Amino acid sequence: MQEERLQKIISQAGLASRRAAEKMILEGRVAVDGRIVQELGQKFDPAAHEITVDGKKIRESEQHVYLLLNKPKGFLSTAKDDRGRRTVLDLLPKVKERVYPVGRLDNNTEGLLLITNDGGLMNGLLHPKFEVEKTYHARVTGNLTHEKIMKLRQGILLEDGPTAPAKVRMLPDPEPNDQRRGLSRVEITIHEGRNRQVRRMFAAVGCDVKALKRVQFAGLTLKGVPRGHHRALTEEEVAMLYRLAGLMK
Ligand code: URA
């Protein structure tokens, strides 16, 4: 095999996205032949060296797994938590491969989360250049006027820069309970994946998100997957994701 950058080897082994692999290296969790490597960009031939993450040898060619999970609230979308809180992997006890969530949902957000050990696909789906769409349903307070919706549609200036324009539409028929509490139901589609982006966009127009659910990712929906459950993606779905991520299968 050829020499590759260490972060690329880790991400291709399906352990993490490229950026998360860089963080693992900087945190001193990665060793090559027993020696911790904390600088980014060093190249190695994975066939010629023993590379470990958290002391565990990385496997180069694990069978790829692609799952669609309906995440409930109260589960972190990280692979592990130092404070022992529940993570989405606790919902997948039978999955033996080392899988990772594709991007993040907040602890108190529910809905569609892809889980895989295919690092190449994960990187592609998260890369801003491919503009992979994510749709959320939100229940918000703060009188969501037409003017506020227009602002969200045009893009909002957040402290980490302007967002791209979003697709926004009111959802019909708020439940009577929601109406009493002054909540509006709204659908928003974005293609960026910044931290707490939807909540911050609504906050910027004076609305507070009380409930948030991701209902679509890259055209995939939660149909047939109850909360807390998951299903494997079909071959056609994986091929579709490969195309969206600019990859060939
Ligand atoms: N935007 C948010 O604010 N939270 C999420 O969990 C996902 C998108």
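Here the structure is a predicted model, which means the values were calculated and not measured. Both counts, for ligands and for their atoms, begin at 1 and track the order of listing.
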Self-check item: For Arg227, all residues meeting side chain to side chain donor-acceptor pair (under 3.5 Å), sequence neighbours excluded
Solution: Glu110

Quiz item: For Gly120, does its backbone N or O pair with a side-chain atom of Asp118 as donor and acceptor, under 3.5 Å?
Solution: yes

Quiz item: Which pair of non-hydrogen atoms, one from Lys71 and one from Asn107, has the smallest distance, and what is that distance?
Solution: NZ-O, 3.1 Å

Self-check item: Under 4.0 Å from ligand 1, counting heavy atoms only: the protein residues, by chain and number
Solution: Leu105, Asp106, Thr109, Tyr136, Arg196, Gln197, Val198, Arg199, Leu212

Quiz item: Can you find a pair of side-chain heavy atoms, one from Val209 and one from Arg139, that are under 4.5 Å apart?
Solution: no

Exercise. Find out whether Leu67 and Thr116 are in side-chain contact, i.e. whether some heavy atom of one side chain is under 4.5 Å from a heavy atom of the other.
Key: no

Self-check item: Member of Arg199, Lys210, Lys73 meeting the side-chain hydrogen bond (donor to acceptor under 3.5 Å, both in side chains) criterion with Asn108
Solution: Arg199

